[in-house]
Number of protein chains: 2
Amino acid sequence: MQDLLFDFISKYVSLTEDEKNAILSLDIFHSFRKGTVLLKEGQKTKESYFVLKGCIRTYYVVDGEEKTTAFYTEMEALTPPCVVSKTPSEYYISCVEDSIITVSNSDMEVEVNRKFPKFEVMCRILSEELLAKQRIDFDEFKTSSPEQRYLNLLQKRPDLIQRVPQHQLASYLGIKAQSLSRLRARILEKRKG
Amino acid sequence: MQDLLFDFISKYVSLTEDEKNAILSLDIFHSFRKGTVLLKEGQKTKESYFVLKGCIRTYYVVDGEEKTTAFYTEMEALTPPCVVSKTPSEYYISCVEDSIITVSNSDMEVEVNRKFPKFEVMCRILSEELLAKQRIDFDEFKTSSPEQRYLNLLQKRPDLIQRVPQHQLASYLGIKAQSLSRLRARILEKRKG
DNA sequence: TAAAATCGTTCACTTAAGTTAAGAAATGGT
DNA sequence: ACCATTTCTTAACTTAAGTGAACGATTTTA
């Protein structure tokens, strides 16, 4: 499992054995059962997550209704906005599947960055990449219809459609579960006719 | 004008006179007239922008139609995704108003980061903050209706509604110009009735 | 394994956005 | 100052998403 993390890191910086051991000594690898809530609305936290196996989701609860805004699967990292802004969390994070996740906290990261400056570089590059990637995702969302968004998702993350409940997918696409059902039926109809 | 930039930077790291002079010697301050196109679709670039005065927008052209996805105003920074991914740009950038902007390129930044490691730290923090901020914006967009988005914008960036053409605002809100007109009329109607 | 809860789909109806077109208002260029 | 262009609004019609309700299928859990 550790190798997955180190393979990921090696795409950005090369680590010595000492550095690897320093990371391992932090004891950041954790398993969670499906449904486990990692973060609740209103809670303060300094934790960031990196998914090694499984899937986690972020969701808001508005008028008693869950609004899912993101899914993180294998080799994806999540630092909740509340960690950056140092305010209580506005959303929940929970496990869609049994998952193996590294959990680190920002004090730890400050310490590691101080000891190993190359970490600072990796964090900067990672943040810049994620920012650019997320910008593209946001732009695609804005400029397309729910149907186009669904077809786009089918292309880019077909696994999500299999492993995630439809009603969570629907709010991820910005629509209601019933509309997603209808939209899928519409697409099938087009393909036949 | 330079002071605006240094005031902004001072929120993240403190610079010596030497460091300030190093930045000034790069000659990054530029003025552009309203309508100037800074970047075109298909073009390769290494340039990042920081708006000191004025307003720039990013937009895609889909089937001959402009789709505006973002506005950047005073003290806001933009590194186009294509700079990070090193691919041709998928969108245009142009000036909504006469603007004063610092234009830097990524080779310059690599050099500055090498000379002054504190820049690396600032870039990391800035990227992390922007990532968190953009995540919140994306989530708000996903979880609200066009009407809610408009009312939200009225709260958070009332200046934009004044300084930007309605049809550009409309696509920024993910709808057509006619729908924005109608939606505004609907809101006025509610306030009276 | 039986009862309860969650999940996915369908339907009828409502609401709002997309489309096409027209015209008024504002802006820009010469 | 005038003409051309762009911008904004309105209207009638079409299309698709929201809503509330029902029902079977699946999953959970007691």
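Letters A, B, ... are given to chains in the order of the sequence lines, protein chains preceding strands, and every chain is numbered from 1. Atoms considered below: every heavy atom in the structure, side chains included; atoms not considered: hydrogens, waters and symmetry mates.
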> Ignoring backbone atoms, test whether A/Ser181 places a side-chain nitrogen or oxygen under 4.0 Å from the OP1 or OP2 oxygen of C/dT10.
no
> What integer distance in Å separates A/Gln178:CD from D/dA16:P?
18 Å
> Could you check whether A/Phe8 and A/Phe50 have their ring centres less than 6.0 Å apart?
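Yes, the ring of A/Phe50 comes within the 6.0 Å limit of the ring of A/Phe8, centre to centre.
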> How long is the line joining CD1 of B/Ile175 and C1' of C/dT19, in whole Å?
14 Å
> Give a yes or no on whether the ring-centroid distance for A/Phe71 and A/Tyr172 is below 6.0 angstrom.
yes
> So does B/Arg182 reach the base of C/dG18 with its side chain, donor to acceptor, closer than 3.5 Å?
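Check passes, donor-acceptor contact within cut-off.
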> Using a 6.0 Å distance limit plus a 45 degree cone around the ring axis, check whether A/Arg149 lies over the aromatic ring of A/Phe141.
yes
> May I have the distance from A/Lys176 (atom NZ) to D/dT19 (atom C1'), rounded to whole angstrom?
8 Å
> Report yes or no: do A/Ser127 and B/Ser127 form a side-chain donor-acceptor pair below 3.5 Å?
no
> Using a heavy-atom distance cut-off of less than 4.0 Å, which residues of residues 59-73 of chain B contact DNA chain C?
none
> Could you give the CD-to-P distance, from B/Glu189 to C/dT15, as a whole number of Å?
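Checked: the CD to P distance equals 16 Å.
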> Relative to the 5' end of DNA chain D, which residue comes earlier, B/Val164 or A/Ser179, by the nucleotide with the nearest heavy atom?
B/Val164
> Tell me whether the OP1 or OP2 atom of D/dA17 has a side-chain N or O from A/Arg186 closer than 4.0 Å.
yes
> Please determine, by modelled atom types, if A/Ser104 and A/Glu109 share a side-chain donor-acceptor pair under 3.5 angstrom.
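Note: A/Ser104 and A/Glu109 side chains meet the donor-acceptor criterion.
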> Categorize A/Arg184 for me: base, sugar-phosphate, or nothing, with a 4.0 angstrom heavy-atom threshold over every strand shown.
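Answer is sugar-phosphate: A/Arg184 comes under 4.0 Å of backbone atoms only.
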> Write down the distance between CG (A/Leu188) and P (C/dG8), rounded to a whole number of angstrom.
16 Å
> Would you mind telling me which residue lines up with the more 5' stretch of DNA chain C, B/Lys34 or B/Ser145, judged by nearest nucleotide?
B/Ser145
> Rounded to the Å, how far apart are B/Gln148 CD and C/dA17 P?
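Rounded to the whole Å, the gap is 11 Å.
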> Can you tell me how the ring of A/Tyr91 sits relative to the ring of A/Tyr60, calling it parallel under 30°, perpendicular over 60° and tilted otherwise?
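If you compare the ring of A/Tyr91 with that of A/Tyr60, the planes turn out perpendicular.
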> If we check side chain to side chain donor-acceptor pair (under 3.5 Å) with B/Arg57, which of these qualifies: B/Thr68, B/Thr73, B/Thr69?
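Of the listed residues B/Thr68, B/Thr73, B/Thr69, the side chain to side chain donor-acceptor pair (under 3.5 Å) partner of B/Arg57 is B/Thr68.
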> B/Ile187 has an atom CD1; how far is it from atom P of D/dT9, in whole Å?
12 Å
> Can you measure A/His167 atom NE2 to D/dT26 atom C1' for me and round it to whole angstrom units?
13 Å
